[in-house]
> 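Questions regarding the structure given below will be posed in turn.
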Amino acid sequence: SKTAMWSKPLKMFSVQGSVCGVCAEAREEAGMKACRIAILGATGAVGRTMLQVLEEQTDWEIGEVRLLASPRSAGQTLLFKGQPLTLEAVTETSFEGMDVVLGAVENDLAKRWAPWIVKAGAVFVDNSSAFRLDTEVPLVIPQINPQDIQRHQGIIANPNCATILALMAVAPIYRRSRITRMSGRRKCRHRRNRSAPCIARRVPRRFPAVRAKHWDSSVRECTLLAGR
């Protein structure tokens with residue numbers, strides 16, 4: 001479901017009831033138990049669903065929740081566990097005191113704010129594609145390679161929904177018998193013969209879901225995950 005896809009970054013912190021060490025060590029040193037979380041892009045559909053999933057999860061304790069958005073949304077409120085939380089305009093100092101920042105913004109904003117998040121000592125779990133193909137950033141599907149979280153340097157990326165769906169099905173097979181090649185067939189809604197292969201360069205812009213960049217991105221992400 002869309003809700004499940006939008007909530008996937010949150011699952012990274014809940015493997016066998018623990019926080020996977022993402023911010024646990026820092027909190028233990030400070031004598032703190034609850035994880036302080038900010039949502040960057042809290043007013044969008046993804047950000048609101050992240051807030052909803054945070055409210056529903058019971059695997060780990062949540063401390064402060066900070067909602068960050070554009071200046072035009074500042075001052076508005078969203079409910080969290082029955083209490084109103086006021087939206088703040090995101091600035092360079094918005095991430096101070098946070099353990100984890102969940103990113104629900106577009107690539108350009110993710111890249112703009114990532115350095116400030118890392119500088120503040122928080123872990124940035126990015127839901128955009130800004131860092132997915134960066135070999136220095138762990139690309140994680142928590143049900144498949146949660147151990148890669150441990151090598152983060154302040155940023156963790158998650159794949160797009162097509163990659164996750166494909167690899168959730170393929171991973172159990174891969175563990176038993178190494179898969180060396182994957183191929184697929186894209187269906188074009190503008191063709192009479194819908195089972196015919198889609199030639200990406202000929203797909204009109206009004207059918208963006210079947211254009212090559214989406215498929216190629218998923219293939220590259222699958223390759224990166226397999227190599228890691």
Side-chain angles (χ1 to χ4, degrees), residues 1-25 35 37 39-41 45-47 49-54 56-60 62 99-105 107 110 114 117-118 122-186 209 212-228:
S1 67
K2 289 185 178 180
T3 299
M5 289 302 162
W6 290 337
S7 66
K8 60 187 179 290
L10 305 181
K11 299 182 185 298
M12 293 186 183
F13 302 96
S14 179
V15 177
Q16 297 180 350
S18 69
V19 187
C20 295
V22 173
C23 60
E25 184 177 345
C35 194
I37 300 174
I39 299 178
L40 177 62
V46 178
T49 304
M50 286 178 173
L51 185 63
Q52 177 186 338
V53 175
L54 280 177
E56 294 172 352
Q57 74 82 34
T58 57
D59 292 327
W60 37 279
I62 298 174
D99 296 307
V100 176
V101 177
L102 301 175
V105 292
N107 292 5
I117 295 171
V118 175
V123 178
F124 183 31
V125 183
D126 182 33
N127 198 48
S128 78
S129 62
F131 302 100
R132 285 176 182 164
L133 301 181
D134 188 334
T135 56
E136 299 300 316
V137 175
L139 181 66
V140 177
I141 299 175
Q143 296 88 344
I144 296 176
N145 61 327
Q147 70 281 355
D148 285 355
I149 294 174
Q150 304 299 333
R151 68 176 185 84
H152 79 85
Q153 301 180 49
I155 303 174
I156 301 171
N158 55 252
N160 68 27
C161 54
T163 303
I164 292 173
L165 288 172
L167 291 189
M168 285 295 288
V170 168
I173 303 172
Y174 183 80
R175 293 188 186 107
R176 295 183 66 89
S177 178
R178 295 298 183 185
I179 298 170
T180 59
R181 184 174 183 270
M182 290 177 62
S183 62
R185 183 180 294 270
R186 296 189 297 271
K213 63 179 182 180
H214 300 276
W215 177 259
D216 292 344
S217 175
S218 294
V219 171
R220 288 196 298 270
E221 289 169 23
C222 286
T223 304
L224 278 174
L225 280 164
R228 293 174 180 180

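The first residue in the sequence is number 1, and the count goes up from there.
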> Check side-chain contact (heavy atoms from CB on, under 4.5 Å) between Ala122 and all other residues, then give those that pass, not counting sequence neighbours.
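Ala122 satisfies side-chain contact (heavy atoms from CB on, under 4.5 Å) with Met98, Val101, Ile117 only.
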
> Provide the closest heavy-atom pair for Met168 versus Ile141 in the form atom of the first, atom of the second, distance.
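Scanning both residues, the minimum pair turns out to be SD-CG2, 4.1 Å.
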
> Side-chain contact test, heavy atoms from C-beta onward, threshold under 4.5 Å: evaluate it for Val137 versus His152 and give yes or no.
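SC-SC contact between Val137 and His152 ruled out.
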
> Can you confirm whether Cys35 sits close enough to Ile62 that some side-chain heavy atom of one is under 4.5 Å from a side-chain heavy atom of the other?
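In short, these two side chains do not touch, never coming nearer than 4.5 Å.
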
> Tell me whether the count of non-hydrogen atoms from other residues, nucleotides or ligands lying under 6.0 Å of CZ in Arg175 goes above 12.
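Atom CZ in Arg175 is crowded, with more than 12 foreign heavy atoms closer than 6.0 Å.
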
> Checking Val118 against Gln153 for the side-chain contact (heavy atoms from CB on, under 4.5 Å) test, could you report, in this order, the C-alpha distance in whole Å, the side-chain angles of both residues, the deciding distance, and whether it holds?
CA-CA 8 Å; Val118 175; Gln153 301 180 49; over 6 Å; no

> To the nearest 0.5 Å, how far apart are CD1 in Ile144 and CD1 in Ile164?
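These two atoms lie 8.5 Å from each other.
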
> Does Arg178 have any side-chain contact (heavy atoms from CB on, under 4.5 Å) partners at least two apart in sequence or in another chain, and if so, which?
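Arg178 satisfies side-chain contact (heavy atoms from CB on, under 4.5 Å) with Tyr174 once adjacent residues are dropped.
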
> Determine whether a donor-acceptor pair (N or O, by modelled atom type, separation under 3.5 Å) exists between the side chain of Arg132 and the backbone of Ser128.
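Yes; judged by distance alone, with no hydrogens or angles, the pair exists.
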
> Hey, could you give me the CG/CG distance between Leu102 and Asp126, rounded to the nearest 0.5 Å?
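Output value for this atom pair is 10.0 Å.
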
> Asn127 and Asn158: side-chain donor and acceptor closer than 3.5 Å?
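Note: Asn127 and Asn158 side chains meet the donor-acceptor criterion.
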
> Nearest heavy-atom pair of Ala104 and Gly47: which atoms, and what distance?
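Looking at all heavy atoms of both residues, the closest pair is CB-N, 3.7 Å.
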
> Rounded to the nearest 0.5 Å, what's the gap from CG on Leu139 to OG on Ser129? Could you check?
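Between Leu139 CG and Ser129 OG, I get 11.0 Å after rounding to 0.5 Å.
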
> Output yes when a side-chain donor or acceptor of Thr163 lies under 3.5 Å from a complementary backbone atom of Pro159, and no otherwise.
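Not a single qualifying donor-acceptor pair exists.
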
> Quick check for you: to the nearest 0.5 Å, what is the distance between Phe124 atom CZ and Leu40 atom CG?
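It comes to 6.0 Å.
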
> Do the side chains of Ile155 and Val123 get nearer than 4.5 Å, heavy atoms only?
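No, their side chains stay 4.5 Å or more apart.
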
> Can you tell me how far apart CD (Gln143) and CG (Leu167) are? Round to the nearest 0.5 Å.
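Gln143 CD to Leu167 CG: 11.5 Å, rounded to 0.5 Å.
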
> Can you tell if the side chain of Asn145 reaches within under 4.5 Å of the side chain of Asp148, non-hydrogen atoms only?
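Yes - at least one pair of side-chain heavy atoms lies under 4.5 Å apart.
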
